[in-house]
Amino acid sequence: MAGEVIDVGAPEIGGYRANSPRESMWAALTEMHSMLWVYERLGFRGLRFPRRLSAEERDRYIREVSDYCRLFPHDEADLPASMADLQALYKKYDHLFGVTKTLSIIPETGDDFHELWKSSIQKNYHPSQRKVKRQLFFQEGLFKLIAMSAVSSKTRRNSGVTPRREKMILAARFAMMPLIWLLQRGPIERYFLRMMWGPDAVDLVRSARRLHADAKRARKHSARQARYA
């Protein structure tokens with residue numbers, strides 16, 4: 001995917017190239033950092049409440065994220081080796097983040113993409129879309145609200161969330177903790193995974209968890225052997 005203009009109101013940012021080092025690296029970094037926030041603030045461990053990882057664990061995670069970034073076009077000098085490096089990177093590229101009134105304007109026509117999208121759905125509505133509407137209710141409504149409560153305050157501001165709306169989002173997170181726990185129970189989790197990403201997603205998550213459990217057992221076995229050696 002490529003385009004000559006990202007924001008008609010800020011032409012100095014330049015164009016977009018999905019396979020360029022800047023775009024692909026930031027797509028991976030922001031995606032994986034958001035996953036860390038969601039895990040730390042919403043991920044239950046059985047009956048134990050979500051908690052922040054240790055500083056050492058967070059730095060190790062960022063190093064592993066950088067290894068992931070190396071699978072795509074990237075700028076090696078920018079890849080972070082710690083959480084402090086990532087924070088410094090955010091400051092360096094702060095001018096690229098944020099939301100503007102012109103960001104969703106299509107350069108060729110001047111139309112607002114979001115308004116055009118909504119209008120198109122309404123004009124072409126068909127009963128077969130009801131299932132998709134149900135999915136969008138969860139994806140753009142409930143789940144988006146929960147996810148926005150997990151990210152940083154600056155991320156919410158950059159997404160256009162007002163201070164008043166932010167307070168409502170944070171209050172909703174605490175109120176919905178029982179629901180958040182329930183959504184992570186096996187059958188319910190698999191239902192929504194199938195709804196939003198299909199059966200392959202269920203298989204991938206199951207496989208990843210199995211590999212993770214095998215790796216943990218292997219580490220424990222190696223640690224025991226080292227103690228008795």
Side-chain angles (χ1 to χ4, degrees), residues 1-43 50-108 110 112-114 117 139-140 143-170 173 208 212:
M1 181 182 293
E4 296 304 318
V5 179
I6 291 177
D7 186 344
V8 296
E12 67 277 6
I13 293 177
Y16 179 88
R17 296 288 183 277
N19 287 330
S20 70
R22 184 185 74 178
E23 266 73 67
S24 61
M25 184 187 74
W26 274 116
L29 287 176
T30 52
E31 176 188 46
M32 300 302 288
H33 193 190
S34 296
M35 288 183 186
L36 175 63
W37 280 329
V38 169
Y39 178 74
E40 290 184 324
R41 293 166 184 173
L42 302 176
R51 62 175 175 79
R52 185 185 176 106
L53 298 180
S54 68
E56 181 183 348
E57 289 173 320
R58 299 182 106 228
D59 285 345
R60 187 178 71 198
Y61 177 80
I62 295 301
R63 287 194 296 274
E64 291 173 355
V65 167
S66 289
D67 288 337
Y68 171 61
C69 289
R70 290 187 176 94
L71 299 174
F72 312 98
H74 63 280
D75 185 341
E76 186 67 29
D78 272 345
L79 289 183
S82 66
M83 188 60 72
D85 287 348
L86 180 59
Q87 295 300 334
L89 205 59
Y90 279 134
K91 290 182 180 179
K92 178 180 177 181
Y93 291 101
D94 187 63
H95 63 286
L96 296 178
F97 292 90
V99 63
T100 68
K101 293 181 179 179
T102 54
L103 185 59
S104 59
I105 299 299
I106 300 173
E108 291 80 4
D112 185 295
F113 169 77
H114 297 296
W117 178 58
Q139 182 176 316
E140 296 296 320
F143 294 157
K144 187 174 182 178
L145 173 66
I146 294 173
M148 287 299 288
S149 74
V151 300
S152 70
S153 180
K154 185 169 184 178
T155 299
R156 285 189 287 270
R157 290 197 302 272
N158 282 339
S159 300
V161 175
T162 63
R164 183 172 179 273
R165 175 69 173 165
E166 182 175 35
K167 290 179 181 178
M168 293 172 61
I169 289 173
L170 294 176
R173 183 178 89 191
H212 185 231

Would Asp94 and Lys91 count as a salt bridge (Lys or Arg N to Asp or Glu O under 4.0 Å) if you check the C-alpha gap in whole Å, the side-chain angles of each, and the deciding distance to 0.1 Å?
-> CA-CA 5 Å; Asp94 187 63; Lys91 290 182 180 179; over 6 Å; no
Can you see which heavy atom on Tyr39 is nearest to which on Leu53, and at what distance?
-> CE2-CD2, 4.0 Å
Decide yes or no for Arg156 and Arg165: does some side-chain heavy atom of the first lie under 4.5 Å from some side-chain heavy atom of the second?
-> no
Check: Pro80 and Leu29 side chains under 4.5 Å, non-hydrogen atoms | yes
Hey, are the side chains of Met35 and Val65 touching, using non-hydrogen atoms and a 4.5 Å cut-off?
-> no
Which atom pair, heavy atoms only, marks the closest approach of Ile13 to Arg22?
-> O-NH1, 3.5 Å
Could you check whether the rings of Tyr90 and Phe97 sit parallel, tilted or perpendicular, using 30° and 60° as the cut-offs?
-> perpendicular
Report yes if the side chains of Glu57 and Arg52 come closer than 4.5 Å at any heavy-atom pair, otherwise no.
-> no
Check each of Asp85, Asp78, Asp75 against Lys92 using the salt bridge (Lys or Arg N to Asp or Glu O under 4.0 Å) test, and report the only one that passes.
-> Asp78
With a 3.5 Å cut-off and no angle check, do the side chains of Arg70 and Ser66 form a donor-acceptor pair?
-> no
Does any N or O in the side chain of Arg41 come within less than 3.5 Å of the main-chain N or O of Arg51, such that one atom is a donor and the other an acceptor?
-> no
Heavy-atom side-chain contact between Ile62 and Ser82 under 4.5 Å = no
Tell me, yes or no, whether the heavy-atom count around Glu56 atom CD, taken from other residues, nucleotides or ligands under 6.0 Å, exceeds 12.
-> no
For the pair Arg17 (side chain) and Glu23 (backbone), establish whether a donor and an acceptor sit closer than 3.5 Å, ignoring hydrogens and angles.
-> no
Can you see which heavy atom on Cys69 is nearest to which on Leu79, and at what distance?
-> CB-CD2, 3.6 Å
Taking every heavy atom of Ser104 against every heavy atom of Asp112, the minimum-distance pair comes out as OG-OD2, 3.0 Å
Within a reach of under 6.0 Å around CG of Asp67, are more than 12 heavy atoms found that belong to other residues, nucleotides or ligands?
-> yes
Main-chain N/O of Ile105 paired with Thr102 side-chain donor or acceptor, under 3.5 Å | no
With side chains defined as the heavy atoms from C-beta onward, is the minimum distance between Glu4 and Pro107 less than 4.5 Å?
-> no
Contact list for residues 50-70, test ring pair (Phe, Tyr, Trp, His ring centres under 6.0 Å), sequence neighbours left out = Tyr68-Phe72
